[in-house]
Amino acid sequence: MTPKTIATILKDAQIGKEITIKGWVRTKRDSKNVIFININDGSTIKNIQAVVVPTDIEESIIHQVVTGAGVAITGILTPSQGSGQDVELLASHIIVYGTADPEKYPLQPKKHSLEFLREIAHLRPRTNTFGAILRIRHALAYAIHQFFNERGFFYLHTPIITGSDAEGAGEMFRVTTLDPKNPPLNDKGAVDYKEDFFGRETNLTVSGQLEGELGAMALGKIYTFGPTFRAENSNTARHLAEFWMIEPEMAFYELEDNMDLAEEFLQYLVKYALDNCSDDIAFLEKRLLDEEKSLKKEEQSPLPLREKLHFVVNNSFKRLTYTEAIKILENSKPNKKGQFKYPVSWGTDLQSEHERYLVEKEFNAPVILTDYPREIKSFYMKQSEDGKTVRAMDVLFPGIGEIIGGSQREEDYDKLIKRVDEVGIDHETIWWYLETRKFGTVPHSGFGLGFERLVLFVTGMKNIRDVIPFPRTPKSANF
RNA sequence: UCCUCCUUAGCUCAGUCGGUUAGAGCAUCUGACUGUUAAUCAGAGGGUCGUUGGUUCAAGUCCAACAGGGGGAGCCA
């Protein structure tokens, strides 16, 4: 029989029955007549308290029951005499699968900094905070599939190893089986990739979008959800070298449809977390309040976590064009007082400080910005009649910045080719992409959601390295 | 990659103007006590002060380089 989890046991507490719980010891409190052991098995943030009468269990066994030990405890489930919990386990038998030397086990019952826990990423899932984060992360991943499935989208597996850098955006990780010390050379003395595993240069994907568009041109509505790799030397709390991205792509969707979907999608996901992870979110909310107690009022979160999440679910996002945003910024107080580090002007990309002003000061709500200047956006975005802008959209979230970037795609072959040439992309590398515009091209749109940025928002965490189990960042790929 | 700050006990941090034996809280261990909740009380153990080099009679303290980390910026999701 598979062991029951603590989540199940607490859900339908069968008082008076003998049960066995298997998990890891969080704390043990000794005394002469009675010992309390708190067990957690990861199924929920809640522990079960086992009550041991010292004469019932061999002392050598009890001695091995220390913080971090893996154990199975059998006993009768009874109503608790104490006030911290409804039920508890009157232990009659204990198996210690593995003890954990208290002198060496790093996770002792005390507060640990997130920085320290990052250094012991192999153990941090055993903490309340990371248990909560990882359960929420799972719930959001599940909700993503559910959302798209309910709406007739198909999950398309785009390649992780790609032969194109078509987006031209950013550094990529090379994939090769050639000997780095002694690679084969061609006539010109350069590395001969014809000898490489795939017979050409290959990299890890930076986006599944281009392949996603191929899927949308056949299946109608698709989404991808997979790992994405950027070899940028980005050292921020919002960037990872390996992260997970969701990229829906829809035939016959125009930019407005795209925005509607993005907004509905985000609200659905946040609501799902609120409905299904209430214990974990409540814990993280309390944790955040404790942590921010020592900060000045201005630096504290304006709303408690759950209120912030409810706000996003219940209020529609502010939509405006890039041009309108520039006007607001030009007339803003910080701009007139010269408080912006970067000047505001039409044609340049918005800086973090500008985005933050719009989201956190001007609107105090999620914002969707559209119709950016074509020069600062990607080649595949649909060009507008005005000849100056493209049908792009960025969804900006408070505290996170850009959480979604997307656009309507340019479906006109001639216009697309013109941009491809202007940007300087070799036709040969994306001939297959260009053919979609030759054979039955239709209007279509899509966007990319950074999964970890979503988890960041829902958990209220501040550093993206704390919402993925094993973060990969420059100079760091441990575990 | 740039700016900035940090690195002292297992963890979080003090450490004065450079001065003799480097401190605290938590954790750990021992004991006491108690249906306890990160229990409480008493005691104990625990340090190559990130690394290397320099200045000085004397360096945890000053200087330089390097390494690791935090915060901010750029790039973006």
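First the proteins, then the strands, lettered A, B, ... as listed; each starts at 1.
- Distances shown here put a side-chain N or O of A:Arg118 below 4.0 Å from the OP1 or OP2 atom of B:G70.
- Counting non-hydrogen atoms under 4.0 angstrom, A:Thr27 reaches the backbone sugars and phosphates but no base.
- Applying the 4.0 Å criterion to OP1 and OP2 of B:G74, one finds that A:Ser352 has a side-chain N or O inside that range.
- Aromatic ring orientation, A:Tyr322 versus A:Trp346: perpendicular (interplanar angle above 60°, classes split at 30° and 60°).
- In this structure, A:Gly448 reaches the sugar-phosphate backbone alone: every heavy-atom distance under 4.0 Å involves primed, P, OP1 or OP2 atoms, never a base.
- Within 4.0 Å of A:Ile404, counting heavy atoms only, lie sugar-phosphate atoms of the nucleic acid but no base atom.
- Taking 3.5 Å as the limit, the base of B:C11 and the side chain of A:Lys110 contain a donor-acceptor pair of atoms between them.
- Here the options are A:Lys286, A:Lys462, A:Arg287, the test is salt bridge (Lys or Arg N to Asp or Glu O under 4.0 Å), and the partner is A:Glu292; only A:Lys462 passes.
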Working for side-chain contact (heavy atoms from CB on, under 4.5 Å), residues A:Asn203 and A:Ile161: CA-CA 6 Å; A:Asn203 298 291; A:Ile161 299 171; over 6 Å; no
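- Listed pair A:Arg238 / B:G72 fails the phosphate criterion, with no side-chain N or O lying under 4.0 Å from OP1 or OP2.
- Here A:Arg453 does not reach the OP1 or OP2 of B:A77: none of its side-chain N or O atoms lies under 4.0 Å away.
- Between the side chain of A:Asn235 and the base of B:U1, at least one donor-acceptor pair of N or O atoms lies under 3.5 Å.
- Residue side chain A:Glu88 reaches the base of B:G35 through a donor-acceptor N/O pair under 3.5 Å, judged by distance alone.
- In terms of polar N and O atoms assigned as donor or acceptor, the side chain of A:Glu232 never comes within less than 3.5 Å of the base of B:U1 in a complementary pairing.
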Secondary structure of RNA chain B in dot-bracket form (Watson-Crick or G-U wobble, distances below 3.5 Å, | marking inter-strand pairs): (((((((..((((.....[...)))).(((((.......))))).....(((((..]....))))))))))))....
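- Side-chain N/O atoms of A:His112 and base N/O atoms of B:C11 include no donor-acceptor pair closer than 3.5 Å.
- On a pure distance criterion of 3.5 Å, no polar donor-acceptor pair joins the side chain of A:Ser234 and the base of B:C76.
- Between A:Gln351 and B:G74 there is a side-chain polar atom (N or O) within less than 4.0 angstrom of OP1 or OP2.
- Contact between the side-chain N/O atoms of A:Arg356 and the OP1/OP2 oxygens of B:A73 is found at a separation under 4.0 Å.
- A:Thr228 comes within 4.0 angstrom of nothing in the nucleic acid, heavy atoms only.
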